[in-house]
Every structure is written in structure tokens, then in C-alpha cells.
Amino acid sequence: MVVTRFAPSPTGYLHIGGLRTALFNWLWARKNQGKFLLRIEDTDLTRNSQEALQAILEAFEWVGLNYDGEVIYQSKRFDIYKKYIKQLLEEGKAYKCYMTKEELDALRQEQMARGERPRYDGRYRDFTGEPPAGVEPVIRIKAPQEGFIEFEDGIKGKVKIAASEVDDFIIARSDGTPTYNFVVAIDDYEMGLTDVIRGDDHLYNTPKQLVVYEALGFKPPKFYHVAMINNEQGKKLSKRDGALDVMEYKRMGYLPEALLNFLVRLGWSHGDQEIFSIDEMLELFDPKNINKSASSYNLDKLLWLNAHYIKNSENEKLAKLLEDFGVSLQNFDKIDAVLNATKSRAKTLADLANEINKILNEPAKYSEKAVKKAFKGDAVQILDEFVSLLKELKPTTKEQYHDAMQKFVQSKEIGFGKLGQPLRVALLGEMSGPGLDEVMAILGLSEVEKRVEKIKKHLLGN
RNA sequence: GGCCCCUUCAUCUAGCGGUUAGGAUUCCAGGUUUUCAUCCUGGCCACAGGAGUUCGAGUCUCCUAGGGGUCACCA
């Protein structure tokens, strides 16, 4: 069975890079009817925040990534780690190091001054003497001193790192708390992980974790190191690039399916296909065709996808989502008419809300340019006559309004623009927008008349 | 700096020794639309550079350049 995980540290919100790796892991587990686990890496008790954890959970819920079982907190598993540390100590595979932080810093300074790579020198590796008084030791694990540590990465292929690059790293701090690379290895093993898909900023952690696997005799999982997502300039994503927080996309009016579709195509592809439903992702995703190279975040494509998903969403669903954007279509009998008229012209839910408000609310102001252009000659008279015709015909549907307009321009022998332009400005305040027949069918006769009267007053006022 | 990874249109990517190097987004042009948007059609734009290997290289090898990652009692 395939078991994957997402393992954030609760130090901030969930960002899009994290969401992508979570998605890859989730897809791979679900595709194989396996398990997708959520583990919180909170061993550094000084840096955790409850809000950050909530933010991550909230983001998961928004995009619909569900995890199996309970959330696992490393901070609650210290007993397990202690047991393994004790075991390693007893087996002589780990040892106490009495070097103080200050000594360590001094050593590093010296090494760097000599142009060497900073590295623990192993001075307590085989220490048997009397430990210095007053120093709480850290625990270090014995890493191989020669040869290579290598593994087969599912994306990068064979990765081979010289043992000299990996020193006897600390597995437990002087206060007894275990450190990252140690607990990750323990947990990944204990949780039964088969596949670890993570950012390639972890590539160098892998040999360290393999040292732990080796010392404990665990079989390591398959690793996949995914290249980073860069910003639009091809540089590393940072807070300055804005909108890193996944929930920020919700606030801006993105649909989770659009975000997920966008992210799944960053570093992964399936031939020429661009649009992937969740079901299609589940059917087609395979970490083995994840790209080796880093990709850049491109807002235009996200926007395009979002527009696509809005256009193809059920109106009822959109109506519900629009609540968060100040548009309440509940108890409104023309939900379909309004959304059909507007959803092809919005790239985000915020746009959509805006488009809807333009129809539903009478124009608060008029585009003067549009007024000037549309109200030349006998435009006012044409509008009056058209309203009279409407009163006579009493159209209600889009088709009936359409026919009324046709009949009017034909009988008057004028071009459509003669009626359409002033009517559009009267109804919407500007020169562009949805079809007038649609708009009128939504507004109804009395509202149309009201808006015509309103613009007439506006014209007199000038 | 050491070590490691990466490199096809502006961007996301297809390609897995023989292709007019394909698709998508953006942009531009045309069509549809009373308008705008949608939609449709078309166009512009790429194998980082250099050596090899080969009858033949975007595809394999090496070098150079550029980009990225990493070197904590952070995760």
C-alpha cells in the first residue's frame, strides 16, 4: 500500500509551494487507494504557533485535500524519539558531545577562516574520558566517515553524496529535545511511509535521514524531490511576491479547482492536456513524470484557468460562493439569468460579483464619455418611444425583449446602435456589458423605465 | 566558497537519435457579438554556448556560462 504524507512545520500559513507538494502526495496516495497522512513538525517548541496550524488546516479544507486518521504532532511523540535515542546510544551508534555552542561557533569560525567547509570535527565521537563539568551534552549520531551515501530519487535519478559532506549531526539538543532530521526519519518509518514527495530543498536532508535509517536498520521509503516554484521573474518565491498564502487566493476569488489545476501543471504534465479535473488528476498523476527543473509562477495562466472554471460552474454553486463577495442571490428568482449573463466575463469571483452588481444596482454614475457618445441627436426620444413599445408588448423573457428591440429598430428604420447605445448607457452606465435583452429580462419593465427616467434627469442636469 | 541539482518560445510544457520542434497562457490580426466578454480561425515567439559520439543530436558524453539548492543545538 502506498502511504504518503504532508509534513509542514507550523511557523506560518500554507503557501502555494507547500500546497503543490501536498497535492502531489495526496494524489499519489488516493490514486493508489493508499493513505495520506498529515504530520505537524513542531519539535522546536519555541517556534510553533497555533494560528499557523489552524491556517494550514483551513487551507486544506478549502481545497479539499483530506487526510487519513488523526493529525500527528511530533511534539507529542518525544517518548518514541527518546526510546530510539537511547537505543542508538546503547549500541554505540550515537554519542554524547560536550562541546558548547561557543566552542562550536569558534570551530566554525576557524574552519571558515581557513576556507574550509564548516563541519563538526568528531572530537567526542570516541571520547571515553571524564566529561567536562557543567556542560549538558547534545547527542550526535555516527555518520559514515568514508565512502558515499546514495539513493535513487524518483525524479532526479541517482543521487550520490560523499560521506565527507555529512558530519555527525545532532539528533538531540542539550535540553533533550530531538532534532528535525532524526524525527523525520523515525516518523516516516513508524508511520509506514512508502513514498516521500517533497521540495528539493530537502535533497540534502535525505542523506542525513538515511544515516538514521541505516543506524536503526530501517528500510527507507522512495524519495521524490520536486524542484521549486519560482516567481514570475524566475527567482525564488518570497513574501514580497505577494499572495503566497493559499487562503489569499480564496479571498481574491479563485476557485480551489483552478488553483489545484494550476499547481498540478507546475512541474507535472500529461502530454498536451491543460485542464484536469480532480478525477483526471487521480487517474493520470504519476510522480515519475514530474519535471526535474524549477518552474515559474505565472498569474495569467492561473487567471485563465479560473475563468474557465467559473464559466463551467453550476450557477447554484456560484451563487453560494458569491455570498463571500457581498452578493446575495438567495431568494432571487433570476439566478440563472444573472449568472448566465455574467459568468463568461469574469476571471475571478470578485469580478463576477462586480459584474452582477453592475446589473442589479442602477448606475451610481455614468461614464461621461459613453453618455456623450450615445446621446446624440434624438436618442432621448428614441428611448421614450422604445419604452412605450415595451409597455405595449409587455415582454418578460430574453427572447421577447430581443424581438421587441428588433421590431423597434425595423419599424423606425434605424440601425441597432441608435437604440442599443443610449439604452445600454441608461441601464448600465457604460458602453459595454452583457446583452441588453438579457439585462432587461433580469431587470423587468418597470426597472428599465426607471433607469431611462434616471438618465434623462441626469442629462437635464448637465 | 565546497558539494549537489537544473537549463526547449516571455511563461507552463510535449519531445524520450531521424518532427516543417507540438500544445497552452500572454500578445497581435481576423471572424462571431448592437458593445464588452466568451467563442472560433490565424499569426509572432524556443532547443543557453562550445566541443565531441553518430550517416544523423533538442534528445547521448564532456566543457563553459547562467540559474537554483544546501552547508544550524531551524524545520
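Residue numbers start from 1 in every chain, and the chains themselves are labelled A, B, ... in the order their sequence lines are given, proteins ahead of strands.
Among the protein residues, A:Ser9 comes within range of the sugar-phosphate backbone only, with heavy atoms under 4.0 Å from sugar or phosphate atoms but none that close to a base. Among the atoms of the strands shown, only primed sugar atoms or phosphate atoms (P, OP1, OP2) are found under 4.0 Å from some heavy atom of A:Glu41. Residue contacts for A:Gly435: at a heavy-atom cut-off of 4.0 Å it reaches a base atom on one of the strands shown. Contacts of A:Lys311 with the nucleic acid, taken as non-hydrogen atoms under 4.0 Å apart, involve only primed sugar atoms and P, OP1 or OP2. Within 4.0 Å of A:Asn205, counting heavy atoms only, lies at least one base atom of the nucleic acid. Residue contacts shown for A:Pro434 include a base, since a base heavy atom lies under 4.0 Å away. Residue contacts for A:Ser164: at a heavy-atom cut-off of 4.0 Å it reaches no nucleic acid atom on any strand shown. Counting non-hydrogen atoms under 4.0 angstrom, A:Arg119 reaches nothing in the nucleic acid. Within 4.0 Å (heavy atoms only), A:Gly433 reaches at least one base atom of the nucleic acid. Among the atoms of the strands shown, none is found under 4.0 Å from any heavy atom of A:Ile161. Using a 4.0 Å heavy-atom distance criterion, A:Ser293 is classed as a sugar-phosphate-only contact.
Between B:A14 and A:Asn291, a contact under 4.0 Å exists linking OP1 or OP2 to a side-chain N or O. Listed pair A:Thr43 / B:A75 meets the phosphate criterion, a side-chain N or O lying under 4.0 Å from OP1 or OP2. Here A:Ser295 reaches the OP1 or OP2 of B:U13: one of its side-chain N or O atoms lies under 4.0 Å away. Phosphate contact (OP1/OP2 of B:C73, side-chain N/O of A:Lys101, threshold under 4.0 Å): absent. For the OP1/OP2 pair of B:A75 and a distance below 4.0 Å, the side-chain nitrogens and oxygens of A:Thr179 include no atom meeting the criterion. Close to B:C73, at under 4.0 Å from its OP1 or OP2, lies a side-chain N or O of A:Arg108.
Taking atom C1' in both B:U32 and B:G68, the straight-line distance is 47 Å, to the nearest Å. Taking the P atoms as reference points, B:G17 lies 8 Å from B:C60, given to the whole Å. Nucleotides B:A48 and B:C55, compared at atom C1', are 27 Å apart to the nearest Å. Spacing of P atoms, B:A29 relative to B:G50, comes out at 36 Å, to the nearest Å. Using atom P as the reference point in both B:C6 and B:C63, the two lie 14 Å apart (nearest Å). Of the C1' atoms belonging to B:A24 and B:C44, the separation is 15 Å, rounded to the nearest Å. Annotation: B:U64 and B:C5 have their P atoms spaced 15 Å apart (nearest Å).
Side-chain proximity of A:Leu436 to the nucleotides B:C73, B:U13, B:U34 is greatest for B:U34. The A:Glu165 side chain lies nearest to B:G2 when the options are B:U38, B:C12, B:G2. Side-chain atoms of A:Asp300 lie closest to B:U25 of the nucleotides B:U25, B:C12, B:G2.
Rounded to whole angstrom, the span from the CG atom of A:Asn231 across to the C1' atom of B:C12 amounts to 15 Å. Atom C1' of nucleotide B:C71 and atom NE2 of A:His202 are separated by 15 Å, given to the nearest angstrom. Spacing between atom CG of A:Leu203 and atom P of B:A75 amounts to 19 Å, rounded to whole angstrom units. Between the C1' atom of B:U33 and the NZ atom of A:Lys398 lies a distance of 12 Å, rounded to the nearest Å. Rounded to whole angstrom, the span from the OH atom of A:Tyr124 across to the C1' atom of B:C73 amounts to 15 Å.
In this structure, B:G1 forms a base pair with B:C71, meeting either the Watson-Crick or the G-U wobble geometry with both donor-acceptor distances under 3.5 Å. In this structure, B:A65 forms a base pair with B:U7, meeting either the Watson-Crick or the G-U wobble geometry with both donor-acceptor distances under 3.5 Å.
Side-chain contact check for A:Ser75 and A:Asp42: at least one donor-acceptor pair (N or O, by modelled atom type) lies under 3.5 Å. One side chain, A:Lys343 or A:Asn315, offers a donor N or O that lies under 3.5 Å from an acceptor on the other. At a cut-off of 3.5 Å, with distance as the only test, no side-chain donor of A:Asp279 or A:Ser277 sits close to an acceptor on the other residue. Counting only N and O atoms by type, the side chains of A:Gln74 and A:Asp187 include a donor and acceptor under 3.5 Å apart. Side chain to side chain, A:Asp437 and A:His402 meet the donor-acceptor criterion of an N or O pair below 3.5 Å.
In this pair, A:Phe416 lays its aromatic ring flat on the base of B:U34, centres within 5.5 Å and planes under 30 degrees apart.
The pair A:Arg424-A:Glu430 does not count as a salt bridge, with every side-chain nitrogen at least 4.0 angstrom from each carboxylate oxygen. For A:Arg108 and A:Asp105, the salt-bridge test passes: some basic side-chain N is under 4.0 Å from an acidic carboxylate O.
No close placement of the A:Phe36 and A:Tyr67 rings is indicated, their centers lying 6.0 Å or farther apart.
Looking at A:Arg265, its side chain has no donor and acceptor atom pair within 3.5 Å of the base of B:U13. Residue A:Glu116 places no side-chain atom within donor-acceptor reach of the base of B:G1, judged by atom type and a 3.5 Å distance cut-off alone. Taking 3.5 Å as the limit, the base of B:C12 and the side chain of A:Tyr297 contain no donor-acceptor pair of atoms between them. Residue-to-nucleotide contacts include a donor-acceptor pair under 3.5 Å from the side chain of A:Asp272 to the base of B:G22.
Of the two residues contacting RNA chain B, namely A:Ser432 and A:Asp201, the nearest-nucleotide position lying further toward the 5' end is that of A:Ser432.
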